[in-house]
Amino acid sequence: MSKAAQSTASPRAHPYPTRSSSRLSASKPEPTAAPYAKERAVAIQAVIRASTLCQGVFKKLVSAETITKKDKSPVTVADFGAQAVVNNLIRAEFPEDPIVGEEDSKDLRENAETREKVVELANSVLDKPLSSDEILEAIDYGMYEGGPKGRFWTLDPIDGTKGFLRGEQFAVALALVEDGEVKVGVLGCPNLPQKLSDPEGPRGTIFVAVRGQGAFERSLDSELETKISVSPITNVSETSFCESVEAGHSSQGEAAQIAQLLGITRPSVRMDSQCKYGVLARGDADIYLRLPVSATYEEKIWDHAGGSIIIEEAGGKVCDIHGKPLDFSIGRTLRDNKGVIASNGSIHDAVMEAVQKVLQKSKEEKTV
Ligand SMILES: Nc1ncnc2c1ncn2[C@@H]1O[C@H](COP(=O)(O)O)[C@@H](OP(=O)(O)O)[C@H]1O
Ligand SMILES: [Mg+2]
């Protein structure tokens with residue numbers, strides 16, 4: 001872990017009006033409020049509610065001996081429930097904004113038992129209970145196609161479903177995209193240690209960023225926000241990098257070669273979900289490598305929108321394996337990008353050079 005991983009920024013009040021309760025209200029932002037103040041506040045509250053819902057299911061899953069790892073139903077129920085909750089709250093406050101969500105209600109419409117569980121779960125965190133039909137409708141409110149013009153939200157109700165099922169990391173990821181640029185990002189990470197150096201310490205954290213206003217971290221149950229920033233490390237051989245737990249999502253072999261080329265000796269931090277972006281943004285790791293395994297896979301916008309703005313606002317850099325900025329303006333996927341490389345910024349050029357060398361070598365080996 002880098003030196004910065006151990007340093008903690010001092011908590012400071014954030015420049016937004018805070019709410020004394022977690023109840024959502026349609027109140028107008030203060031006239032002096034910073035840009036996107038209402039979007040920021042509503043997104044945080046929506047992510048808190050969805051995170052609370054997921055955390056409840058997750059705790060039962062982790063403690064229940066009766067649930068086998070192959071039983072995907074807990075994550076399915078929490079996934080649908082979280083999407084219904086976030087979509088419902090966003091639509092109530094921003095009725096003009098469409099949503100690009102990961103899930104649709106097709107499977108749920110065919111399974112009454114699961115549907116009833118989703119309805120019960122979603123209503124457990126909503127102020128006003130919704131009917132079964134309203135829940136299905138809220139889930140399908142996430143079917144927007146995205147694109148270059150205007151505003152839309154993008155949501156991954158549970159990013160890292162495999163991590164959730166393993167009892168490890170997952171995230172509720174929400175972002176606002178306007179004219180193709182991510183403006184607001186909120187990541188709820190219910191199982192992430194608040195300090196990576198203290199895995200036995202308190203867990204559950206939220207990362208928040210608004211374009212031009214910095215990145216912040218807070219816990220699920222306190223409004224106190226701490227400004228976060230990426231590590232100041234400049235000697236690339238002293239860095240640590242993170243990558244997916246799932247070898248099918250990112251090439252771990254090529255990541256190891258890149259690390260070797262850069263002289264990195266620390267073991268990689270393997271972690272599911274966009275928690276990786278949060279960990280990098282607060283300086284607990286210095287590089288995030290997502291190296292394509294499949295030549296045809298298109299990354300999804302909900303898997304990167306929230307995380308990428310949090311890194312950028314914490315002072316880091318994000319691009320694809322070719323150095324291109326991630327393009328959130330062309331629909332539900334990042335089809336003009338391949339993979340993702342993120343870093344604290346100061347080591348970015350060195351990392352990109354090593355990425356190019358290793359990927360070029362792999363390409364040559366494949367064509368021989
Ligand atoms: N072949 C592939 N390459 C890269 N990412 C993939 C992939 N198949 C699935 N994914 C995405 O990887 C995400 C998890 O990322 P990570 O490995 O960083 O935890 C999944 O999100 P969900 O868990 O929301 O489905 C899924 O969208
Ligand atoms: Mg995902």
Side-chain angles (χ1 to χ4, degrees), residues 47 50-51 53-54 57-58 61 69 72-83 86-87 99-104 107 139 142 146 153-175 182 185-192 207 241-255 268-281 284-285 287-308 310-311 318 320-321 326 328 331-342 359 362:
V47 167
S51 297
L53 178 158
C54 295
V57 178
F58 181 76
L61 175 72
K69 297 271 170 188
K72 294 206 169 85
S73 59
V75 74
T76 306
V77 170
D79 224 3
F80 284 125
Q83 179 153 323
V86 174
N87 283 5
I99 302 176
V100 178
E102 183 173 13
E103 307 301 338
D104 68 62
D107 292 348
I139 293 168
W153 295 83
T154 184
L155 168 71
D156 193 341
I158 298 187
D159 181 33
T161 44
K162 294 198 167 148
F164 186 100
L165 285 166
R166 272 191 258 102
E168 296 173 10
Q169 294 308 322
F170 63 97
V172 177
L174 179 63
V182 185
V186 180
L187 295 181
C189 307
N191 196 39
L192 187 67
F207 297 99
F241 74 94
C242 46
E243 61 182 342
S244 289
V245 176
E246 295 295 324
H249 295 176
S250 181
S251 168
Q252 295 173 348
E254 285 166 342
S268 69
V269 178
R270 287 194 179 151
M271 188 179 275
D272 300 284
S273 84
Q274 283 172 76
C275 286
K276 291 187 280 298
Y277 282 109
V279 159
L280 203 80
D284 271 347
I287 303 166
Y288 169 22
L289 299 174
R290 191 175 190 88
L291 306 164
V293 174
S294 138
T296 53
Y297 183 76
E298 294 179 1
E299 296 284 349
K300 309 297 182 283
I301 61 169
W302 51 81
D303 278 336
H304 303 287
S308 62
I310 287 162
I311 296 262
V318 183
D320 77 356
I321 55 164
L326 303 186
F328 294 98
R332 292 171 68 90
T333 72
L334 298 169
R335 67 170 185 277
D336 282 355
N337 295 114
K338 279 282 163 228
V340 177
I341 309 292
L359 296 186
S362 296

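Atoms within a ligand are numbered from 1 in the order they appear, just like the ligands themselves.
No side-chain heavy atom of Phe170 sits less than 4.5 Å from a side-chain heavy atom of Lys162. Put simply, the side chain of Val47 does not reach to within 4.5 Å of the side chain of Leu187, judged on heavy atoms. Inter-residue side-chain proximity for Ile341 and Leu289 is flagged as met; some heavy-atom pair is nearer than 4.5 Å.
Taking OG of Ser244 as the reference point, atom CZ of Arg270 lies at 9.5 Å (rounded to 0.5 Å). Note that NZ of Lys276 is 7.5 Å distant from CG of Asp159, once rounded to the nearest 0.5 Å. One finds the CG atom of Asp272 at 8.5 Å from the NE2 atom of His249 (value rounded to the nearest 0.5 Å). Here Cys275 contributes atom SG and Asp284 contributes atom CG; the two are 11.5 Å apart, rounded to the nearest 0.5 Å.
Considering backbone and side-chain atoms alike, Ser273 places an N or O below 3.5 Å from some N or O of ligand 1. Between Ile158 and ligand 1, a contact under 3.5 Å exists for at least one N or O pair. For ligand 1, none of its N or O atoms has an N or O atom of Lys300 under 3.5 Å away. Of the polar atoms of Gly160, at least one N or O is found under 3.5 Å from an N or O of ligand 1, judged by distance alone. Between Ser244 and ligand 1, at least one N/O pair is under 3.5 Å apart. Among the atoms of Glu246, none of the N or O lies under 3.5 angstrom from an N or O of ligand 1.
Among protein heavy atoms, atom 14 (C) of ligand 1 sits closest to His249 ND1, 3.6 Å. Of all protein heavy atoms, the one closest to atom 24 (O) of ligand 1 is Asp156 OD2, 3.0 Å. Given atom 25 (O) of ligand 1, the protein heavy atom at minimum distance is Glu102 OE2, 3.5 Å. Of the protein's non-hydrogen atoms, Asp159 OD1, 3.3 Å is the one closest to atom 21 (O) of ligand 1. Among protein heavy atoms, atom 18 (O) of ligand 1 sits closest to Lys276 NZ, 2.5 Å. Protein heavy atom at the shortest distance from atom 20 (C) of ligand 1 is Asp303 OD2, 4.0 Å. Counting protein heavy atoms only, atom 11 (C) of ligand 1 is closest to Tyr297 OH, 3.3 Å.
Each protein N, O or S atom less than 2.8 Å from the Mg ion (ligand 2) was counted, giving 3.
Distance alone, capped at 3.5 Å, is enough to place a donor-acceptor pair between the Gln252 side chain and the Val245 backbone. At least one donor-acceptor pair closer than 3.5 Å links the side chain of Gln169 to the backbone N or O of Leu192. Using modelled atom types, one side-chain atom of Lys338 and one backbone atom of Ala295 make a donor-acceptor pair closer than 3.5 Å.
Heavy atoms of Met271 found under 4.0 angstrom from ligand 1: none, in either backbone or side chain. Looking at Gln274 against ligand 1, nothing comes within 4.0 Å, counting heavy atoms.
Atoms of ligand 1 found under 4.0 Å from any heavy atom of Asp272 (numbered from 1 in listed order, with element): 19 (O). Numbered from 1 in the order shown, with element, the atoms of ligand 1 that lie under 4.0 Å from a heavy atom of Glu299 read 4 (C).
Under the side chain to side chain donor-acceptor pair (under 3.5 Å) criterion, Thr154 pairs with no residue at all, not counting sequence neighbours.
Val279 and Phe207 get closest at one heavy-atom pair: N-CZ, 4.3 Å. Residues Ala173 and Gln274 approach most closely at CB-NE2, 3.3 Å, considering heavy atoms.
Considering Glu298, Lys162, Arg290 only, the shortest heavy-atom separation from atom 13 (C) of ligand 1 involves Arg290. Evaluated by nearest non-hydrogen atom to atom 1 (N) of ligand 1, the leading choice among Gly248, Ser294, Cys242, Pro157 is Gly248.
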Item checked: Check against side-chain hydrogen bond (donor to acceptor under 3.5 Å, both in side chains), Tyr277 and His304 -> CA-CA 9 Å; Tyr277 282 109; His304 303 287; 2.8 Å; yes
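The closest side-chain donor-acceptor pair between Ser250 and Glu243, if any, does not fall under 3.5 angstrom.
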